Number of protein chains: 2
Amino acid sequence: MPQVPEDVVWLKPGQIAERAGVAVSTLHYYESMGLIRSRRTSGNRREYRRDTLRVLAFIRASQRVGISLDRIKGALDRLPEEGLPTARDWARISREWRDDLNERIEHLTALRDRFSLCIGCGCLSLKSCPYSNPDDILGADGQGALRFP
Amino acid sequence: MPQVPEDVVWLKPGQIAERAGVAVSTLHYYESMGLIRSRRTSGNRREYRRDTLRVLAFIRASQRVGISLDRIKGALDRLPEEGLPTARDWARISREWRDDLNERIEHLTALRDRFSLCIGCGCLSLKSCPYSNPDDILGADGQGALRFP
DNA sequence: CGACTACGTCAAGTCCACTTGATGTCAAGC
DNA sequence: GCTTGACATCAAGTGGACTTGACGTAGTCG
């Protein structure tokens with residue numbers, strides 16, 4: 001039962017920004033995108049829940065591996081509105097992301113290995129190598145989307 | 001001695017564009033960036049050397065793994081102006097790229113593993129997990145650049 | 001009380017990698 | 001010879017992820 005909002009501490013924009021390593025303007029931007037939320041003080045100042053730091057860390061980590069804010073928002077939207085996200089919530093997202101990561105890792109590894117091969121044979125400059133002929137590369141792959149790897 | 005321009009065939013923009021799977025406008029753009037080159041016919045039409053296809057494949061492959069056009073240009077600029085690039089030329093670039101790829105793969109793998117861990121412990125929502133505390137995440141890593149992984 | 005800093009809003013600007021549009025030209029087919 | 005399509009140039013637009021600027025307010029310190 002971690003649904004109980006344990007110790008909800010509210011932090012000011014500057015504090016959040018500094019600890020999360022983002023600009024205050026970025027917080028505004030994320031808020032306008034619906035990625036994070038805030039409440040207001042009587043003087044109209046924003047206040048962020050402490051766990052916003054976690055969300056921001058999650059956003060940065062996801063972005064870092066090339067996931068768009070849109071997709072990140074999609075995942076965050078599926079978290080519960082009220083109460084803290086449960087282990088199950090994060091697990092679902094993590095699994096989703098992990099599959100994505102696995103796919104990317106596979107692509108990168110394949111490409112790296114191809115390049116490694118090329119180091120041995122210099123294929124990109126010689127006709128003899130199967131990878132050197134752009135037509136073959138084109139033909140090897142039905143669609144126009146995935147060209148080289 | 002592959003320096004001898006074997007069979008230099010010149011292709012029209014439309015042909016190059018189709019075979020490489022890019023728009024003609026992209027060719028213009030790349031040319032303006034100095035990534036590819038062309039000569040002109042008497043009627044001011046562009047003509048591309050056949051091996052431009054190889055360069056384009058290389059650009060796409062590199063881009064695909066997140067390398068910017070700027071960096072790609074940097075690599076291409078180090079190829080010889082005249083004659084075909086040698087095996088050694090491509091090898092150098094490939095090695096450079098491969099190191100880059102290895103780094104990215106490491107990041108992704110680390111992130112995935114962290115997420116996998118989270119699936120087990122639900123850390124992102126519980127105080128007990130070392131990864132859950134954003135302050136620790138911040139503290140674990142001197143700079144502001146690398147936040148989560 | 002006054003100064004200063006952090007914060008508020010909103011529009012506009014930036015960077016990258018292109019694409020779109022306007023307008024004019026070259027070349028091949030009938 | 002004329003139409004059609006591919007091509008030329010150049011300016012401007014697009015989209016994602018922010019940042020910057022202009023301008024006004026809130027709260028804190030001496």
Side-chain angles (χ1 to χ4, degrees), chain A residues 10-49 52 55-77 100 104 144-148, chain B residues 10-49 52 55-77 100 144-145 147-148:
Chain A
W10 297 88
L11 298 171
K12 296 183 202 169
Q15 297 176 308
I16 290 275
E18 201 202 316
R19 307 198 77 150
V22 302
V24 172
S25 63
T26 305
L27 296 179
H28 292 358
Y29 177 65
Y30 286 172
E31 193 173 334
S32 77
M33 299 278 97
L35 288 162
I36 58 175
R37 271 178 294 179
S38 67
R39 71 174 188 187
R40 299 300 177 107
T41 67
S42 54
N44 197 34
R45 267 72 213 292
R46 284 182 181 83
E47 278 181 330
Y48 298 97
R49 265 170 52 173
T52 302
V55 176
L56 288 170
F58 177 73
I59 292 173
R60 286 184 65 90
S62 305
Q63 266 193 312
R64 181 117 180 245
V65 298
I67 295 164
S68 71
L69 287 186
D70 239 47
R71 277 202 64 199
I72 296 170
K73 175 169 164 44
L76 290 175
D77 281 350
D100 202 286
R104 283 158 190 272
L146 315 179
R147 198 66 39 183
F148 199 77
Chain B
W10 298 88
L11 298 171
K12 296 184 203 170
Q15 297 175 307
I16 290 275
E18 202 202 318
R19 307 197 77 151
V22 302
V24 172
S25 63
T26 305
L27 297 179
H28 292 357
Y29 177 65
Y30 285 171
E31 193 172 334
S32 77
M33 298 280 98
L35 287 162
I36 59 176
R37 271 178 293 178
S38 67
R39 70 172 188 189
R40 300 300 176 107
T41 68
S42 55
N44 198 33
R45 267 69 214 294
R46 284 182 181 83
E47 276 180 332
Y48 298 97
R49 264 169 54 173
T52 302
V55 176
L56 289 170
F58 176 72
I59 293 172
R60 286 183 65 91
S62 305
Q63 266 193 313
R64 182 116 181 245
V65 299
I67 295 166
S68 72
L69 286 186
D70 240 46
R71 276 203 64 200
I72 296 170
K73 175 168 163 45
L76 290 175
D77 281 350
D100 202 285
R147 197 67 38 181
F148 200 77

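Chain naming here is simple, since letters A, B, ... match the order of the sequence lines and numbering starts at 1 in each. This is a predicted model, so every value here is computed, not measured.
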Rounded to whole Å, the NE2-P distance (H28(A) to dT19(D)) equals 11 Å

Measure the [atom1]-[atom2] distance between [X] and [Y] for me, rounded to the nearest 0.5 Å.
X      : Y      : atom1 : atom2 : answer
Y30(B) : K73(B) : OH    : NZ    : 13.5 Å
L35(B) : Y29(B) : CG    : OH    : 8.5 Å
R37(A) : T52(A) : CZ    : OG1   : 9.0 Å

My understanding is that only residues two or more places apart in sequence, or in another chain, count here; which of them pass side chain to side chain donor-acceptor pair (under 3.5 Å) with [X]?
X      : answer
D70(B) : none
T26(B) : none
E47(A) : R39(A)

Min side-chain heavy-atom separation [X]-[Y] under 4.5 Å:
X      : Y      : value
L27(A) : I16(A) : yes
W10(B) : T41(B) : no
I59(B) : L69(B) : yes

With 3.5 Å as the limit, what N/O pairs link the protein to nucleotides 14-18 of chain D?
residue, atom, partner, partner atom, Å
dA17(D), OP1, L69(A), N, 3.1
dC18(D), OP2, Y30(A), OH, 2.9
dC18(D), OP2, Q63(A), NE2, 2.5

Requested in this report: On DNA chain C, reading 5' to 3', which nucleotide is the first and which the last to sit with an atom under 4.0 Å from a heavy atom of chain A, could you check?
Outcome: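 So the outermost contacting nucleotides come out as dA6(C) to dT9(C).
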
Residue set satisfying side chain to side chain contact (heavy atoms under 4.5 Å, CB included) with E31(B), at least two apart, ordered chain then number -> I36(B), S38(B), R40(B), R46(B), Y48(B)

Within residues 38-47 of chain B, the residues having a heavy atom closer than 4.0 Å to DNA chain D are R40(B), N44(B), R45(B), R46(B)

